[in-house]
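Below: the structure, in structure tokens.
Because the structure is a prediction, the values reported are computed rather than measured. Note that the numbering runs from 1 along the sequence shown for the chain.
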Amino acid sequence: LEGCVREILRALGEDVEREGLLDTPSRVAKALMFATRGYDACATVALGTALFHETGMANAMRTTTTNEIANGTHDMVLVRDIPVFSTCAETFMPFYGVIHVGYAPNAGVIVGLSKLARVAEVYARRLQTPDGLQVQERLTRDVAEEVSKLTGGLGVMVAARAAHLCMVSRGVEKPGSSTCTVTKLGRFASEPALRS
């Protein structure tokens with residue numbers, strides 16, 4: 001990577017041997033490796049053995065009635081405002097924001113809360129996913145699908161809000177703008193009352 005960074009600097013007209021740029025290729029290479037460290041991580045490993053059985057929640061979602069949904073007495077686990085930093089593969093510019101991960105436990109099986117943040121981190125730190133280039137829309141879906149697969153939850157909902165430097169610092173140059181994406185799976189997709 002260092003050699004590639006040197007070539008980019010030369011193509012921009014910079015003297016890569018001048019003071020101040022001598023260590024830049026190494027620093028950029030390290031930064032890129034850090035920003036894409038999700039390739040070396042596995043969401044299943046990030047989750048580890050942090051699945052637990054909570055008997056009080058065993059039948060809660062399975063037997064939820066319309067009245068219980070209306071009164072907000074159904075069970076859901078939600079971790080909000082998880083910071084995420086990612087790199088858009090289309091522009092190679094960073095985007096950053098927060099992701100909210102919620103799921104409805106199935107048969108009382110719950111996951112350690114920090115593990116939901118770890119799953120988000122694994123996918124945020126990749127330029128490409130199995131389905132294609134990393135964009136916020138795909139990040140939101142990848143996290144939702146992985147949480148659904150790992151928890152076996154009856155439903156999963158993931159929402160992300162992020163600022164994209166490709167919109168903030170170049171192109172249309174609109175600081176303060178953000179993009180919101182939402183993915184709903186299972187009962188959150190099929191039962192509108194659960195989303196409220």
Stepwise side chain to side chain contact (heavy atoms under 4.5 Å, CB included) test for Met93 and Thr87: CA-CA 6 Å; Met93 301 282 295; Thr87 304; over 6 Å; no

From Glu2 atom CD to Asp23 atom CG, the distance as rounded to the nearest 0.5 Å: 9.0 Å

Salt bridge flag under 4.0 Å for residues Arg10 and Glu7: yes

Same cluster (ILVMFWY, side-chain, under 4.5 Å), Val79 and Val98: no

Side chain to side chain contact (heavy atoms under 4.5 Å, CB included) assessment of Val111 paired with Leu150: CA-CA 9 Å; Val111 65; Leu150 295 173; over 6 Å; no

Phe188-Leu78 co-clustered via ILVMFWY side chain contacts under 4.5 Å: yes

Nearest-0.5 Å distance that lies between atom CG in Asp15 and atom CG in Leu22: 8.5 Å

From Lys184 atom NZ to Glu191 atom CD, the distance as rounded to the nearest 0.5 Å: 13.5 Å

Closest non-hydrogen atom pair, Leu21 against Glu14: CD1-OE1, 3.4 Å

Pairs where residues 143-179 contributes a residue and the test ring-ring contact (aromatic ring centres under 6.0 Å, His included) is met, not counting sequence neighbours: Phe95-His164

Under 3.5 Å: donor-acceptor pair, side chain of Ser86, backbone of Ala124: yes

Any donor-acceptor N/O pair, His100 side chain to Asp81 backbone, under 3.5 Å: yes

Glu19 atom CD, neighbour heavy-atom count above 12 within 6.0 Å: no

Inter-residue atom distance Arg141.CZ - Glu146.CD, 0.5 Å rounding: 13.5 Å

Atom pair SG (Cys4) and CG (Leu9), whose distance is rounded to the nearest 0.5 Å: 11.5 Å

Flag for Thr179-Gln136: side-chain donor and acceptor within less than 3.5 Å: no

Leu32 vs Phe92, side chain to side chain contact (heavy atoms under 4.5 Å, CB included): CA-CA, chis, key distance, verdict: CA-CA 10 Å; Leu32 287 173; Phe92 222 68; 3.5 Å; yes

Val156 reachable from Val109 in the ILVMFWY side-chain graph, under 4.5 Å edges: yes

Shortest non-hydrogen contact between Cys88 and Val135, atoms and distance: SG-CG1, 4.4 Å

Residue Arg80 excluded, over 12 heavy atoms near CZ under 6.0 Å: no

Heavy-atom pair with the smallest gap, counting every atom of Asn106 and Gly152: CB-O, 3.1 Å

Side chain to side chain contact (heavy atoms under 4.5 Å, CB included) evaluation trace for Ile82 with Glu121: CA-CA 9 Å; Ile82 302 166; Glu121 180 71 7; over 6 Å; no

Shortest non-hydrogen contact between Ile99 and Ala160, atoms and distance: CG1-CB, 4.0 Å

Closest non-hydrogen atom pair between Ile110 and Tyr103, with its separation: CA-OH, 3.3 Å

Same apolar cluster (I L V M F W Y, side chains within < 4.5 Å links), Val77/Val119: yes

Spatial distance of atom CZ (Arg6) from atom CD (Glu17) [nearest 0.5 Å]: 7.5 Å

In one Ile/Leu/Val/Met/Phe/Trp/Tyr side-chain cluster, 4.5 Å: Val147, Leu113: yes

Closest contact, heavy atoms only, Thr91 versus Cys166: OG1-CB, 3.8 Å

